[in-house]
Structure formats: structure tokens, C-alpha cells
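Some notes on the structure that comes next.
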Amino acid sequence: MIRTHTAIVLRPTLFQEGGLVVSFLTEHGERLVGLAKGAKKPSAKWVSSFEPLSLVTVSFFGKEHVELRRITRCELQHSPLILGHLESSLVAACLADLFDRLAKEGIEDDRLFRLLSACARALKRTPDRAMAILAYAEHWLLHCLGLLPHPRLCGRCGREDTPLVLLTEDHGWCCAACTPTDPSEALPSGAKEYLRLLRTLPVEEAPDPESSEAGRAITRLLRGMLLREVGAARSYEVLSRMLA
């Protein structure tokens, strides 16, 4: 049985005899894994198709419930990689790692495909905004997981005209009017406005997290939440070291 999908490459892993085991995010938001025999050999015709975040047309051969199908075709449609641009390459690796951990085989969520596709194309068009694109993706992944409440209203008192100072497990975003907080632990001024931009702007216009104290604080907070959910990610460790 052959199944063909439009998909985004997530993680290629070396296999025996020059092969690759490759995970993909399909257009339906499902994670699929396939074996590309001989993909790393010099004569392989499709080696360039397996770079992380590449958009491809891929065909799998194998029974419906077999864990590892054989890849029979993989045609590159779009690659976000720009040679020599370190930051965008590192961010692409982080995004591929996140989605590889969060997407599941047998579970479809097309929001994941739409989000990753938009981020990959934005990386290609504006590689210098790679960190803003990563922060945007992290925010919306938490939203897709149901872990991020709407920031418009305080989850404790319901007010919308006061600054947000805290994110709690019980009440979500809490405001200064009802939540006494040590100033050293409170969110900086402008946190609500930064979150509003993340929620309303397209990825191409996502706010730069380094442009304000609120952006830096929210990015650290949301990134910490996401990495606790998916577990330690080596790609983030590499990103931190290289950009330090």
C-alpha cells in the first residue's frame, strides 16, 4: 500500500548502510516516520529533500499500522535553509525538534502543520527575524496544547484594564489589582500588550522578543513552560551556546 502526503521534514536520523529514518509532519498534522534506504550515499537522488523544515511530497510503502514504512519518493517543494545564516539554521533545528516531540502518529491536528509551514516560510523570507519567529511558534504551540489562557482578562478577578503580573496554574494570567506580587517576580510593564501582538499579528510581523523587557520576560516564561512539557531539547542548548 502506497500513501502520498504533502509533509514537512522534522528529524532525519542516520540508519544502517547509508540510510535515514525520517520523521515528517503531514498536511493533516500527523507525525509519520519512514525509512529512506541509501539516502546518505553520494549517488542518492533525494538527499537534499531531508533537511529539517523542508516542505516535500513524500510517498510511503507499507501496511497501515506498521511503525516504520519505506519511503519510495520524496520531492522537495520548499526549503527554508539559507546557507551561511547560523541563527535561522539553529531556529529551524529548534522548531523541528519541538514539533517532532509534540506531533503524534495516529492523531491529526492540522493547526500544527499550518503553524510550522508559516514559520518555515517566514524563516526563508526574513532569516534575520529568526528569534521572533521562534517566540511566535512557542506561544502558539502552548495555545494548541491548551496550556495558555487568553491574556485579555485577569483569570482571578476578571478585570481587563489592569497590568498582568503573574501566570498561575490555578487562575491563568493574574493582574496587579488582585494579586500582590514581589516586584522582582512580577511581569514587566507591557506584558499584556506584547501578548496581544503575539496573538493578533501574522508570523511575518511577530514582535521581536529582544525589543522590550516585557518581550524578554514573556519569552523566557513561555519557553520554560514549553520545554518542561516536551522535555529537555538539545537543539535549544546548542542555540543558547552559539548565540551567547
Side-chain angles (χ1 to χ4, degrees), residues 7-14 20-25 31 33 39-40 47-56 74 76-103 111-145 148 194 197-198 201-244:
I8 298 172
V9 178
L10 296 178
R11 180 183 294 175
T13 304
L14 287 174
L20 285 174
V21 173
V22 189
S23 58
F24 300 86
L25 182 70
R31 182 179 182 271
V33 181
K40 296 298 289 183
V47 63
S48 62
S49 299
F50 296 128
E51 295 292 343
L53 299 199
S54 294
L55 181 68
V56 297
C74 191
L76 180 65
Q77 297 183 29
H78 175 268
S79 173
L81 296 184
I82 297 177
L83 294 178
H85 201 288
L86 177 61
E87 190 171 272
S88 65
S89 297
L90 293 174
V91 166
C94 289
L95 289 171
D97 197 356
L98 286 175
F99 281 79
D100 188 59
R101 291 163 181 259
L102 290 172
R111 297 175 301 172
L112 297 179
F113 181 84
R114 294 198 305 270
L115 175 58
L116 187 54
S117 179
C119 290
R121 292 189 178 278
L123 271 180
K124 183 73 171 183
R125 287 192 293 267
T126 55
D128 292 334
R129 303 192 71 254
M131 298 306 293
I133 293 167
L134 178 59
Y136 178 94
E138 291 165 342
H139 166 270
W140 282 107
L141 275 174
L142 285 168
H143 173 78
C144 290
L145 292 170
L148 197 61
Y194 179 80
L197 293 176
L198 279 177
L201 292 177
V203 61
E204 295 85 0
E205 301 172 26
D208 180 358
E210 291 298 317
S211 64
S212 67
E213 186 181 357
R216 291 188 290 272
I218 292 293
T219 299
R220 287 193 299 270
L221 175 64
L222 300 189
R223 184 168 296 166
M225 287 180 61
L226 188 57
L227 293 181
R228 286 193 295 273
E229 183 69 21
V230 304
R234 184 175 180 275
S235 56
Y236 274 87
E237 297 173 5
V238 174
L239 178 69
S240 298
R241 289 200 306 269
M242 297 299 291
L243 299 182

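Note that the coordinates shown come from a computational prediction; the quantities given were computed from them, not determined experimentally.
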* Asked: Are any of the side-chain heavy atoms of Met131 and Leu239 separated by less than 4.5 Å?
  -> yes
* Identify the heavy atoms of Cys119 and Ala137 that sit nearest to each other, and give their distance. => SG-CB, 3.8 Å
* Can you check whether Val22's main-chain N or O pairs, donor with acceptor, with Arg11's side chain at less than 3.5 Å? -> no
* Asked: Which heavy-atom pair separates Phe99 from Leu10 by the least distance, and what is that distance?
  -> CB-CD2, 3.9 Å
* Can you name the residues that form a side chain to side chain contact (heavy atoms under 4.5 Å, CB included) with Ser79, not counting sequence neighbours? -> Ser54, Leu76, Leu81
* Check the pair Leu116 / Leu25 against side-chain contact (heavy atoms from CB on, under 4.5 Å), numbers first and verdict last. => CA-CA 9 Å; Leu116 187 54; Leu25 182 70; 3.9 Å; yes
* For Tyr194, check ring-ring contact (aromatic ring centres under 6.0 Å, His included) against everything at least two apart and list the hits. => none
* Asked: Would a 4.5 Å heavy-atom cut-off, applied to side chains only, mark Ile8 and Phe113 as touching?
  -> yes
* Asked: Taking only residues at least two apart or on different chains, which pairs with a member in residues 202-215 satisfy side-chain hydrogen bond (donor to acceptor under 3.5 Å, both in side chains)?
  -> Arg125-Glu204
* Structure fact -> With sequence neighbours left out, the residues meeting ring-ring contact (aromatic ring centres under 6.0 Å, His included) with His139 are none
* Minimum heavy-atom separation for His143 to Leu148, with atom names? -> N-CB, 4.1 Å
* Structure fact -> For Ser49 and Val56 the tightest heavy-atom approach is O-CG1, 3.5 Å
* Structure fact -> Of all heavy-atom pairs linking Leu53 and Ala120, the shortest is O-CB, 4.0 Å
* **Pairs satisfying salt bridge (charged side-chain N to carboxylate O under 4.0 Å, His left out), at least one member in residues 129-141, at least two apart** => Glu138-Arg223
* **Atom pair CG (Leu115) and CG (Leu95), whose distance is rounded to the nearest 0.5 Å** => 8.0 Å
* **Atom of Met242, atom of Leu86 and distance for their closest heavy-atom approach** => CE-CD2, 3.8 Å
* By side-chain hydrogen bond (donor to acceptor under 3.5 Å, both in side chains), which residues pair with Ser89, not counting sequence neighbours? -> none
* **Within-4.5 Å side-chain heavy-atom neighbours: Leu98 and Leu141** => yes
* Structure fact -> The side-chain hydrogen bond (donor to acceptor under 3.5 Å, both in side chains) partners of Arg121 (sequence neighbours excluded) come to none
* Asked: So, do Glu51 and Val9 sit near enough that their side-chain heavy atoms are less than 4.5 Å apart?
  -> no
* Heavy-atom side-chain contact between Pro207 and Leu198 under 4.5 Å -> yes
* Structure fact -> Between the CG atom in Leu142 and the CD atom in Glu229, the distance rounded to the nearest 0.5 Å is 8.0 Å
* Structure fact -> With sequence neighbours left out, the residues meeting side chain to side chain contact (heavy atoms under 4.5 Å, CB included) with Ala130 are Glu87, Ser88, Val91, Leu123
* With Arg216, which residues qualify under salt bridge (charged side-chain N to carboxylate O under 4.0 Å, His left out), at least two apart? -> none
* Just wondering, do Tyr236 and Val230 contact through their side chains at under 4.5 Å, heavy atoms? -> no
* Structure fact -> Arg228 meets the side chain to side chain contact (heavy atoms under 4.5 Å, CB included) criterion, sequence neighbours left out, with Met225
* Considering residues at least two apart in sequence or located in another chain, which fulfil the side chain to side chain contact (heavy atoms under 4.5 Å, CB included) criterion with Ala217? -> Pro188, Arg220
* Would you call the rings of Trp140 and Tyr136 parallel, tilted or perpendicular if under 30° counts as parallel and over 60° as perpendicular? -> tilted
